[in-house]
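Just passing along the structure, written as structure tokens.
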Amino acid sequence: MDIWQILMTPFSWMLKLFCEVFNSYGIALFLFTIVIKVILFPLNLKGKKGMIKMNVVNGQLQEIQKRCGSDKERYNQEVQKFYAENNVNPMGGCGWSMIPLIILYPLYAIIRRPLKYMMWLTEDAVKAVAGAVGWADFTIGGSNELILASMMTSSNLEAAKTAAASTGIAATTSMFVINFDFFGINLSEVPQLMFWKEGVSWGTFGLFLLPVISALLSVVTMLVTQKTNQMNKDQAPPKMNLSLILMGPIMSLWIGFAMPAGMCIYWIANSLLGMVQEVICGRLLRKDYEEAQKEMAEQAAKAKEAEKERRRIAAEKKAAAIAAGKDPKKAHQKKKQEPGVDLSASREGLRAYARGRAYDPNRYPITPYWDPNGPAKPAEEEPAELTEEERQIVAQSNPEQAAQAEAVKRDKAEAEKSAAESLTEDGDYEEAYAEDEDSGEK
């Protein structure tokens with residue numbers, strides 16, 4: 001007896017008890033699923049409670065995304081800060097949600113292998129039973145044991161017990177006949193996609209319907225889960241990927257037409273009870289949803305105020321940088337008065353512009369050496385102008401600083417205008433040459 005067989009002994013006894021009491025494998029599976037759901041309900045409730053905050057903070061995460069734009073680094077920092085301030089764990093509900101899946105997975109083995117888990121037979125004993133009922137090439141794997149259990153009838157049960165006892169089984173009293181008939185459908189048979197090939201009957205058509213019903217119920221269960229998670233009417237429903245919606249039904253159809261119909265009965269019962277469980281969880285956790293929604297609304301207001309303060313500080317720093325910058329007009333005048341610049345250097349005798357009107361002996365100054373392997377040369381950038389939003393923020397928070405920034409902006413515009421006028425005031429080449437001709441005639 002392996003470790004899985006020991007762990008699943010209570011569930012094995014329960015399914016066997018339902019089969020013997022109700023003499024129906026289908027009813028036994030329904031009751032078995034109900035008990036499993038009841039046992040796992042606290043874990044599912046804990047998992048949904050852990051995911052409440054994650055369902056509610058989606059709107060806040062979208063606000064952070066809008067605020068950060070394409071700056072992924074800042075977005076990640078803001079999200080981590082938000083998780084820390086609100087005590088939110090992104091994987092909070094996943095851990096509790098995974099436990100029921102871990103428990104449900106080995107339960108499939110009880111349904112697939114009834115001779116091992118419900119009748120306590122070893123693999124040698126199962127093979128001996130297969131030979132006794134006429135399955136010579138029997139191999140252990142897939143759902144062969146479920147099909148083999150359907151071949152055991154009241155007429156060959158004693159022969160099967162004798163064959164199992166010949167392999168060393170001390171007691172064969174646990175062996176019994178399982179009734180796989182469920183409203184005229186043999187749950188040990190595998191549904192066929194082309195059910196009409198061997199003649200249309202309720203048995204073949206009913207087998208075909210079971211995987212289809214299972215797939216449809218998986219979609220309905222998903223929609224009910226989405227609806228119950230959206231407890232607040234103002235909360236936008238989460239967007240679901242179409243591929244994720246179709247994945248469950250497609251898998252249900254594929255597995256449903258590849259395994260005995262008993263598995264479909266289990267999935268149908270699981271889906272129906274899952275919808276009931278979702279509604280119950282939604283009602284039990286309504287207050288938790290409302291409290292979380294209220295808490296997240298307060299945090300959203302705080303985040304909005306913090307972002308407003310951040311923008312104010314950034315705008316004031318920018319305005320201060322502009323106000324503290326050099327006066328462009330004075331800088332322009334200073335440039336004209338720099339030592340070493342001789343504006344009359346272009347004169348040659350009486351010819352005022354013999355070397356060219358724009359001649360400057362210091363136009364190409366000696367460039368100091370800069371080591372290319374050394375530290376990067378700092379770039380001197382002028383502070384960018386205030387945007388309309390930043391101008392309004394600074395005007396409200398610090399009017400004096402806003403006025404200084406505007407004054408610098410006006411001075412810069414005037415300096416640029418005066419620089420352009422100074423170029424035209426010096427005259428053009430025609431006037432310069434006319435002056436040279438007049439002086440030559442004299």
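Computed from heavy atoms alone, side chains included, the values below leave out hydrogens, waters and symmetry copies. This chain uses plain numbering: 1 for the first residue, then up along the sequence.
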- Query: Hey, mind stepping through M263 and I111 against side chain to side chain contact (heavy atoms under 4.5 Å, CB included) and telling me if it holds?
  - Reply: CA-CA 7 Å; M263 297 298 295; I111 301 173; 3.5 Å; yes
- Task: Salt-bridge test for E78 and K81: reply yes if a basic N is under 4.0 Å from a carboxylate O, no otherwise.
- Result: no
- Check A28 against F18 and note the closest heavy-atom contact, atom names and distance. CB-CB, 3.6 Å
- Item | Residues that L216 engages under side chain to side chain contact (heavy atoms under 4.5 Å, CB included), provided they are two or more places apart | V212
- Value rounded to 0.5 Å, distance of CG in L146 from CG in L115: 9.5 Å
Check: residues 121-134 side-chain donor-acceptor pairs under 3.5 Å, at least two apart:
from, atom 1, to, atom 2, distance (Å)
T122, OG1, A125, N, 3.3

- Query: What's the shortest heavy-atom distance between V220 and M275, and which atoms?
  - Reply: CG1-SD, 3.4 Å
- Set of residues satisfying side chain to side chain contact (heavy atoms under 4.5 Å, CB included) with respect to E305, sequence neighbours excluded: K308
- Item | Validation row: F208, T204 side chains within 4.5 angstrom (heavy atoms) | no
- Query: Taking S271 for the side chain and W267 for the main chain, is one N or O donor matched with an acceptor at less than 3.5 Å?
  - Reply: yes
- Task: Using a 4.5 Å cut-off on heavy atoms from C-beta on, say whether the side chain of L285 contacts that of L45.
- Result: yes
- So, for Y25 and F180, is the gap between ring centers shorter than 6.0 Å? yes
- Item | Heavy-atom side-chain contact between F176 and E20 under 4.5 Å | yes
- Item | Of S188, P114, S150, the residue whose pairing with I178 passes side chain to side chain contact (heavy atoms under 4.5 Å, CB included) | P114
- Excluding sequence neighbours, so at least two apart, what forms salt bridge (charged side-chain N to carboxylate O under 4.0 Å, His left out) with R310? E307
- Message: Please determine whether side chain to side chain contact (heavy atoms under 4.5 Å, CB included) holds for the pair M151 and N156, giving the CA-CA distance in whole Å, both sets of side-chain angles, and the decisive distance to 0.1 Å.
- Response: CA-CA 9 Å; M151 298 173 62; N156 59 18; 5.6 Å; no
- Message: Could you check whether any side-chain N or O of S252 sits under 3.5 Å from a backbone N or O of A215, counting only pairs where one atom can act as donor and the other as acceptor?
- Response: no
- Note on the structure: Rounded to the nearest 0.5 Å, the CH2 atom of W254 sits from the CG atom of L193 at a distance of 14.5 Å
- Quick one: does I110's side chain get under 4.5 Å of R113's, heavy atoms only? no
- Query: Checking side chain to side chain contact (heavy atoms under 4.5 Å, CB included) for the pair M175/M152: CA distance, chi angles, key distance, verdict?
  - Reply: CA-CA 10 Å; M175 297 177 63; M152 293 174 54; 3.8 Å; yes
- Under 3.5 Å donor-acceptor, N76 side chain and E73 backbone: no
- Query: Hey, are the side chains of W202 and I185 touching, using non-hydrogen atoms and a 4.5 Å cut-off?
  - Reply: yes
- Message: I'd like to check the salt bridge (charged side-chain N to carboxylate O under 4.0 Å, His left out) partners of E158; sequence neighbours left out, ordered by chain and number.
- Response: none
- Message: Tell me the closest heavy-atom pair linking C19 and M118, and the distance in Å.
- Response: SG-CE, 4.0 Å
- From R112 atom CZ to I147 atom CD1, the distance as rounded to the nearest 0.5 Å: 12.0 Å
- Task: Would you give the length of the straight line joining atom CG of N186 to atom CD of E189, rounded to the nearest 0.5 angstrom?
- Result: 4.0 Å
- Any idea which heavy atoms bring S12 and Y117 closest together, and the distance? CB-O, 2.8 Å
- Query: If every non-hydrogen atom of S143 is compared with every non-hydrogen atom of M259, which pair is closest and at what distance?
  - Reply: OG-CE, 3.4 Å
- Message: To the closest 0.5 Å, what do you measure between CH2 (W13) and CE (M8)?
- Response: 15.0 Å
- Message: I need the L29 CG to Y266 OH distance, nearest 0.5 Å.
- Response: 9.0 Å
- Item | Sub-4.5 Å side-chain heavy-atom contact between K197 and Q192 | no
- Message: Would F11 and V35 count as a side chain to side chain contact (heavy atoms under 4.5 Å, CB included) here? Give the steps.
- Response: CA-CA 9 Å; F11 303 102; V35 175; over 6 Å; no
- Query: Does some side-chain heavy atom of L31 sit less than 4.5 Å from a side-chain heavy atom of F22?
  - Reply: yes
- Pairs in or reaching into residues 122-144: which pass ring-ring contact (aromatic ring centres under 6.0 Å, His included), with residues at least two apart or in two chains? W135-F138
- Query: Between S24 and F182, which heavy-atom pair has the shortest distance, and what is it?
  - Reply: OG-CD1, 4.0 Å
- Message: I want to check something: taking the side chain as every heavy atom from C-beta on, are N144 and L148 in contact at a cut-off of under 4.5 Å?
- Response: no
